S.K.: 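Here it is: the structure, laid out below.
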Amino acid sequence: MTAFAPGDRVRTRTVDPVGHTRLPRYARGAWGTVVQVAGSHPLADDRARGLEVQPQPVYHVRFTAADLFGTGDHTVTVELWHDHLEVPA
Amino acid sequence: MSDDHGSSPISARVRHVEALLESRGLLSDGEIDTRIDEFAAGGTPANGARVVARAWVDPGFRDRLLADANAALPEVGLSMAGGLQEQRLKVVANGPDEHHVLVCTLCSCYPIALLGPSPSWYKSEAYRSRVVRDPRSVLAEFGVALPAATRIAVWDASAESRYMVLPRRPEGTADLDEDGLAALVTRKGLIGTALV
């Protein structure tokens, strides 16, 4: 896994999982910018399923309201695990 | 069993799960209350206010706080290590052109050690769903009227970090000492739903 760095443009996954996820619905399939690495933790989505998981990078990812909601001039910064982000081709 | 029971369906479900865990020896009697008391012990907005006052009088501390809050907190005798594991803290500073406001859209994550128990509105679906979409209107309802040019940054505590807002120091406070400054800081100010 190649970790993302501040300034990287990233897109969140569009998957709608059956169980718990920390990728909020309003931020699915959206483009944002990594603003900071926020440590390394096991993916909560998988821990909630009782899986043994290894820590992975967590990021503060900033989205514009326009990209999330099609309206608004503010930003929303969401904390996301590496697995919530698409891997660049 | 823990002592504090509401009558809502979720309370009944929690009570049932707690009883099952106790019957299987995974929880001892009253352990949840003990853990909650330990976690909340000493948690009060006065702690966050003390951090803010120090940041207002000590630019070096302010810089360290914004760069790595967990490393800076011990300078004022505080830490985020009161729970089962140390929680990462990120402090975001309001400025003349930018205003920060905090939310946990998925549940109610909150820096209890620095702000005490969270207010009920912070946990409400109305606040959690609206503040990410239309923070300017929500802030106006809290009585915070920001200039149109002020950028608003919403922080959603969706993972392991907790957040605290560093409000702007009010005008006309040059003669106040650190205790006097701390007394100006409110819980809402530390969440971003009030100015100081």
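Keep in mind the model is a prediction, meaning the values are calculated, not measured.
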S.K.: Salt bridge check, B:Arg130 against B:Glu141: does any charged N sit closer than 4.0 Å to a carboxylate O?
M.R.: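 Yes.
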S.K.: Is there a path from B:Val144 to B:Leu184 through hydrophobic residues (I, L, V, M, F, W, Y) whose side chains come within less than 4.5 Å of each other?
M.R.: yes
S.K.: Can you confirm whether or not the ring centre of B:Phe142 sits under 6.0 Å from the ring centre of B:Trp121?
M.R.: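 Between B:Trp121 and B:Phe142, which both carry aromatic rings, the centre distance is below 6.0 Å.
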S.K.: Would you call B:Arg54 and B:Glu178 a salt bridge, using N to O less than 4.0 angstrom?
M.R.: yes
S.K.: Can you tell which part of A:Ala65 gets under 4.5 Å to a heavy atom of chain B, answering side chain, backbone, both or neither?
M.R.: neither
S.K.: Counting only non-hydrogen atoms closer than 4.5 Å, does B:Arg133 touch chain A with its backbone (N, CA, C, O), its side chain (CB onward), both, or neither?
M.R.: both
S.K.: Go through B:Thr105, B:Val101, B:Asp156 and name the one with the most non-hydrogen pairs under 4.5 angstrom from chain A.
M.R.: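 Maximum pair count with chain A is reached by B:Asp156.
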S.K.: Would you call A:Glu86 and A:Arg13 a salt bridge, using N to O less than 4.0 angstrom?
M.R.: no
S.K.: Side chain, backbone, both or neither: which part of A:Thr71 has a heavy atom under 4.5 Å from chain B?
M.R.: neither
S.K.: Give, as side chain, backbone, both or neither, the part of A:Val58 having an atom under 4.5 angstrom from any heavy atom of chain B.
M.R.: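 Just the side chain, heavy atoms under 4.5 Å.
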S.K.: Could you look at A:Arg25 and say if it's the side chain, the backbone, both or neither that has a heavy atom under 4.5 Å from chain B?
M.R.: neither
S.K.: Tell me which one of A:His60, A:His84, A:His82 satisfies ring-ring contact (aromatic ring centres under 6.0 Å, His included) with A:Phe4.
M.R.: A:His82
S.K.: Pick one of side chain, backbone, both or neither for A:Phe63, based on which atoms fall under 4.5 Å of a heavy atom in chain B.
M.R.: neither
S.K.: Between B:Val131, B:Thr150, B:Leu106, which shows the greatest number of heavy-atom pairs under 4.5 Å with chain A?
M.R.: B:Leu106
